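Please read all numbers here as calculations on a predicted model, not as lab measurements.
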Amino acid sequence: MLTALTVARTEPGRAYRHGHALREFMNENILVIGSGFSFHNMRAFSWEGIAEYDPANDTFQNWLIETCTGPMKESKREDRLIAWQQAPSARYCHPREEHLLPVHVCVGMADKPASLIFDDLILGKRSVAFLW
């Protein structure tokens, strides 16, 4: 069984390969929930819930949306996710990667682009969610 702790202690390529290995279960009527977070800089959250314009967060969220939902070859999507730290403002949004790596598993499982199902503020910061 793949656990969040397993994914958190691995690199992006391995998380993606975990998802690819689980792809065969996509036809087995099994629900897979990749419980991470698209923004996880605890110091930057507004604990009072006050939203302030954050261009660094916006650029990363836009990159993540394009990567997960955009029309591109699977190999390009994989390359982008494996090199996620090179995305604009990546380490600002994710000082540590364990809350982003579940998306790598989900993309690895999927054989199609995601649909954006949430794009709103949480604790004053823009966050997104996807469905495959």
Side-chain angles (χ1 to χ4, degrees):
M1 171 177 259
L2 180 69
T3 65
L5 184 57
T6 303
V7 173
R9 293 186 175 167
T10 190
E11 77 275 355
R14 182 175 286 172
Y16 184 90
R17 289 188 300 276
H18 281 313
H20 203 269
L22 295 169
R23 188 175 279 184
E24 65 186 79
F25 294 109
M26 293 291 287
N27 297 322
E28 298 294 326
N29 202 25
I30 295 172
L31 175 65
V32 175
I33 299 173
S35 62
F37 203 18
S38 67
F39 182 89
H40 205 262
N41 182 337
M42 301 300 284
R43 292 186 175 137
F45 279 122
S46 170
W47 297 101
E48 294 82 30
I50 300 169
E52 294 181 14
Y53 178 61
D54 188 343
N57 182 16
D58 279 345
T59 58
F60 182 77
Q61 299 305 322
N62 291 339
W63 175 89
L64 192 59
I65 291 168
E66 179 184 337
T67 300
C68 292
T69 66
M72 63 184 74
K73 291 184 178 184
E74 182 179 349
S75 60
K76 181 177 180 183
R77 195 178 322 277
E78 176 183 0
D79 290 345
R80 286 174 64 112
L81 282 170
I82 289 173
W84 75 271
Q85 294 179 59
Q86 296 172 12
S89 305
R91 281 298 181 187
Y92 165 71
C93 292
H94 287 277
R96 295 174 33 176
E97 59 270 6
E98 69 268 18
H99 288 273
L100 182 64
L101 290 176
V103 80
H104 291 72
V105 176
C106 292
V107 172
M109 280 188 76
D111 59 354
K112 62 183 180 182
S115 296
L116 180 67
I117 60 167
F118 180 86
D119 186 350
D120 209 340
L121 301 178
I122 296 177
L123 294 173
K125 294 298 176 184
R126 183 178 175 207
S127 301
V128 299
F130 306 101
L131 176 65
W132 284 270

Search all heavy atoms of Ala15 against all heavy atoms of Leu101 and return the closest pair with its distance. CB-O, 4.1 Å
Aromatic rings His104 and Trp84: how do their planes relate, parallel, tilted or perpendicular, breaks at 30° and 60°? perpendicular
Looking at Arg96, I want to see if its CZ is surrounded by more than 12 non-hydrogen atoms of other residues, nucleotides or ligands under 6.0 Å. no
Could you measure the distance from the OG atom of Ser127 to the CG atom of Leu121? Nearest 0.5 Å is fine. 7.5 Å
For residues Gly124 and Ser46, report the shortest heavy-atom separation together with the two atoms involved. CA-CB, 4.3 Å
Would you name the heavy atoms of Ala44 and Tyr92 that are closest together and state the gap between them? CB-OH, 3.5 Å
Backbone N or O of Ser38 within a donor-acceptor pair of the Gln61 side chain at under 3.5 Å? yes
Roughly how far apart are Cys106 SG and Leu131 CG, rounded to 0.5 Å? 10.0 Å
Quick check: closest heavy atoms across Arg23 and Val107, and the distance to 0.1 Å? NH2-O, 4.3 Å
Strictly below 4.0 Å, N to O, side chains only: are Arg126 and Asp54 in salt-bridge contact? no
Here the pair of heavy atoms bringing Leu81 nearest to Pro12 is O-CB, 4.0 Å
Roughly how far, to the nearest 0.5 Å, is CG of Leu22 from CD1 of Ile30? 9.0 Å
For residues Leu100 and Ile65: do they belong to one hydrophobic cluster (side chain heavy atoms under 4.5 Å, members Ile, Leu, Val, Met, Phe, Trp, Tyr)? yes
If hydrophobic clusters are built by linking Ile, Leu, Val, Met, Phe, Trp and Tyr wherever their side-chain heavy atoms come under 4.5 Å apart, do Trp47 and Ile122 end up in the same one? yes
Please examine the side chains of Pro113 and Arg77, heavy atoms only from C-beta on, and report whether any two atoms are closer than 4.5 Å. yes
Parallel, tilted or perpendicular, as decided by the 30° and 60° cut-offs, for the rings of Trp132 and Phe130: tilted
Met72 versus Arg80: any side-chain heavy-atom pair under 4.5 Å? yes
Anything under 30° is parallel, anything over 60° is perpendicular, the rest tilted; go ahead and classify His40 against His99. parallel
How many angstroms lie between atom CG of Asn62 and atom CG of Leu64, to the nearest 0.5 angstrom? 9.5 Å
Linking I/L/V/M/F/W/Y whenever their side-chain heavy atoms sit closer than 4.5 Å, directly or via other members, would Val128 and Val103 fall into one cluster? yes
How far does OG of Ser89 sit from CZ of Phe39, to the nearest 0.5 angstrom? 9.5 Å
Are the side chains of Lys125 and Leu123 in touch, meaning some heavy atoms are under 4.5 Å apart? no
Salt bridge present between Arg17 and Glu11 (N-O < 4.0 angstrom): yes
Interatomic distance, CZ@Phe60 vs CG@Asn41, rounded to 0.5 Å, equals 11.5 Å
